[in-house]
Visitor: 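I have a structure I would like to understand better, so I am pasting it below and will then ask my questions one at a time.
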There are 2 protein chains.
Amino acid sequence: MKKAEATRLTILQKAFELIYVKGYQTTSIDDIIATTQVTKGAFYYHFKTKDEMGLAIISEILKPTLTNSFIQPLQNEQNPLDAIYNLMHSLLIENEFLKVEYGCPASNFTQEMTPWNADFNNALNQLTQQWTKAMTTTIEKGKKNGFIRKDVNAKQVTMFIMSGYWGIRNFGKLENSKKVYLTYLKELKNYLSSLK
Amino acid sequence: MKKAEATRLTILQKAFELIYVKGYQTTSIDDIIATTQVTKGAFYYHFKTKDEMGLAIISEILKPTLTNSFIQPLQNEQNPLDAIYNLMHSLLIENEFLKVEYGCPASNFTQEMTPWNADFNNALNQLTQQWTKAMTTTIEKGKKNGFIRKDVNAKQVTMFIMSGYWGIRNFGKLENSKKVYLTYLKELKNYLSSLK
DNA sequence: TCATAAAGATACCACTTAGTATTTTTGCAA
DNA sequence: TTGCAAAAATACTAAGTGGTATCTTTATGA
């Protein structure tokens with residue numbers, strides 16, 4: 001049962017790419033099987049419905065990426081303000097998996113599927129909560145270690161920062177230029193300094 | 001030529017509502033004519049294509065709303081920091097045209113149509129630039145009047161704030177609760193204070 | 001008031017959609 | 001090597017999709 005697993009993974013990966021670029025609703029199963037060179041029979045052998053595949057993309061593609069690229073970097077640095085800034089910099093500027101013209105996959109998904117599809121909503125909420133938790137923990141630790149003022153509300157700051165990230169991803173789509181990212185990062189640095 | 005204008009406006013308004021709730025691509029013309037009680041012949045008399053209608057929604061529904069609800073409030077107050085905070089508060093908490101579970105119409109549109117449709121991209125970009133300009137001007141004025149530090153970069157701050165707004169709209173969709181708005185507003189207040 | 005164009009109604013088209021039923025091929029355990 | 005289930009291929013369906021062609025009704029300016 002090796003080749004079958006490979007087929008399944010190919011579908012998920014190629015489908016993710018298409019969806020990231022075109023959106024979920026406008027990516028048809030025919031599109032997916034055309035680019036994967038997998039037949040409809042094979043597709044429906046691996047996934048009962050299109051939505052089942054969509055949810056699998058979230059849990060098997062997006063979730064690991066979140067852990068590796070969004071959460072771990074927060075835990076490997078001592079100064080949480082640097083950690084957050086560097087994370088954002090790496091996500092926006094260096095990461096070559098994420099493209100400025102296509103925005104943030106999770107944010108795109110949320111925009112498109114919420115509040116209509118409860119399953120997607122739930123899966124995406126879990127993702128977001130994981131990131132929120134990681135960032136909040138980082139900030140709390142920073143308060144203890146004296147990197148951040150004691151009166152800073154960690155949850156509040158986390159939400160503020162994450163909103164900024166999602167928003168600037170949208171801005172990037174609109175302007176199709178990383179320039180906006182640089183502008184955002186400069187002000188993010190100022191904001192983070194104000195938490196010292 | 002009164003009744004015809006009314007028909008056209010009904011189509012735009014009802015279509016906007018459907019699109020705001022369901023998204024552009026998933027709102028079919030059949031949906032629109034069903035809820036407006038307008039026949040297909042009438043629809044296509046007023047709009048050559050679905051996209052022409054979509055663009056008309058941006059210029060005839062979204063644009064006036066932007067001017068009235070997003071830009072004017074910035075110009076009617078002397079303290080720009082208060083103006084910005086109050087604007088956000090009114091948009092997020094008081095405005096009953098915008099619903100937490102459906103996010104921000106302009107942001108939804110951007111997410112869905114960009115970068116695929118150049119016309120939509122362009123129209124939405126103009127909207128955004130208008131808001132950006134208004135906010136930047138407000139901040140610059142505040143610098144002159146001593147409400148804001150001279151070393152603050154107006155464009156940068158504008159982008160940071162607008163990103164936050166878009167992002168928290170996405171958060172609201174995800175959690176379907178205005179609680180996140182309140183959290184965001186608290187930190188926005190802190191951030192704005194840091195510009196004094 | 002009535003001719004004429006604007007506005008709206010109806011039926012249809014070619015194409016795409018997610019999904020299914022049925023058959024065929026493949027890989028592997030015995 | 002073969003039996004058999006797992007995996008994949010093929011052909012199809014019913015319900016939509018945006019859009020068009022053609023007809024009928026309505027309003028209004030002379």
Side-chain angles (χ1 to χ4, degrees), chain A residues 1-58 60 108-109 112-113 116-121 123, chain B residues 1-58 60 108-109 112-113 116-121 123:
Chain A
M1 312 214 178
K2 271 279 183 55
K3 210 189 162 227
E5 280 302 306
T7 304
R8 187 192 147 92
L9 201 64
T10 309
I11 293 172
L12 287 179
Q13 284 170 340
K14 291 275 178 190
F16 165 77
E17 281 172 40
L18 285 172
I19 290 165
Y20 179 39
V21 167
K22 305 196 343 170
Y24 180 77
Q25 314 264 18
T26 38
T27 299
S28 70
I29 288 165
D30 285 350
D31 286 340
I32 296 167
I33 66 176
T35 59
T36 50
Q37 306 265 53
V38 157
T39 61
K40 205 160 247 193
F43 181 93
Y44 277 100
Y45 173 78
H46 288 287
F47 307 100
K48 256 212 285 291
T49 63
K50 187 188 178 187
D51 280 6
E52 188 177 301
M53 181 212 61
L55 292 167
I57 287 177
I58 294 178
E60 294 171 45
N108 293 355
F109 249 127
E112 201 176 344
M113 305 309 283
W116 285 107
N117 190 309
D119 291 330
F120 277 81
N121 199 335
Chain B
M1 310 215 179
K2 273 276 182 56
K3 209 186 161 231
E5 280 302 307
T7 305
R8 187 191 147 90
L9 202 65
T10 310
I11 293 172
L12 287 178
Q13 285 170 339
K14 291 276 178 191
F16 165 76
E17 280 171 42
L18 285 172
I19 290 166
Y20 179 38
V21 167
K22 306 195 345 170
Y24 180 77
Q25 315 263 19
T26 38
T27 299
S28 71
I29 288 165
D30 285 351
D31 285 341
I32 295 168
I33 65 175
T35 59
T36 50
Q37 305 265 54
V38 158
T39 61
K40 206 162 245 193
F43 181 93
Y44 277 100
Y45 173 79
H46 288 287
F47 306 101
K48 256 214 284 292
T49 62
K50 188 189 178 186
D51 279 6
E52 189 177 300
M53 180 213 62
L55 292 167
I57 287 177
I58 295 178
E60 295 171 45
N108 293 355
F109 249 127
E112 200 176 344
M113 306 309 284
W116 285 107
N117 189 309
D119 291 330
F120 277 82
N121 199 336

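In what follows, every chain begins at residue 1, and chains take the letters A, B, ... in the order their sequences are listed. Excluded from the calculations below are hydrogen atoms, water molecules and symmetry mates; all remaining heavy atoms, backbone and side chain alike, are included. Everything quoted here is computed from the prediction, not taken from an experiment.
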Visitor: Please state how far atom OH in B:Tyr45 lies from atom P in C:dG8, giving the value in whole angstrom units.
Guide: 8 Å
Visitor: Check each of B:Gln13, B:His46, B:Glu60 against B:Arg8 using the side-chain hydrogen bond (donor to acceptor under 3.5 Å, both in side chains) test, and report the only one that passes.
Guide: B:Glu60
Visitor: Considering only heavy atoms from C-beta outward, does the side chain of B:Glu112 approach that of A:Glu112 to under 4.5 Å?
Guide: no
Visitor: What string of B, S and - do you get for nucleotides 15-22 of chain D, 5' to 3', if B is base contact, S is sugar-phosphate-only contact and - is no contact with any protein heavy atom under 4.0 Å?
Guide: --BBBB--
Visitor: Does D:dA6 have OP1 or OP2 under 4.0 Å away from a side-chain N or O of A:His46?
Guide: no
Visitor: Does B:Ser28 offer a backbone N or O that forms a donor-acceptor pair with the side chain of B:Asp31 under 3.5 Å?
Guide: yes
Visitor: Within this structure, what is the CD1-to-P distance between A:Ile33 and C:dT16, rounded to whole angstrom?
Guide: 13 Å
Visitor: Quick one: do B:Asp51 and B:Tyr24 satisfy side chain to side chain donor-acceptor pair (under 3.5 Å)? Show the steps, please.
Guide: CA-CA 10 Å; B:Asp51 279 6; B:Tyr24 180 77; 2.6 Å; yes
Visitor: Using side chain to side chain contact (heavy atoms under 4.5 Å, CB included), reason through A:Thr7 and A:Val38 one step at a time and then give a plain yes or no.
Guide: CA-CA 8 Å; A:Thr7 304; A:Val38 157; 3.9 Å; yes
Visitor: Whole-Å distance between C:dG19 P and A:Ile32 CD1?
Guide: 11 Å
Visitor: Rounded to the nearest Å, what distance is computed from the CD atom of residue A:Glu52 to the P atom of nucleotide C:dA18?
Guide: 15 Å
Visitor: Quick one: list whatever passes ring pair (Phe, Tyr, Trp, His ring centres under 6.0 Å) with B:Phe16, sequence neighbours left out.
Guide: B:Tyr20, B:Phe97
Visitor: Quickly work out the A:Arg8 CZ to D:dA6 P distance and round it to whole Å.
Guide: 16 Å
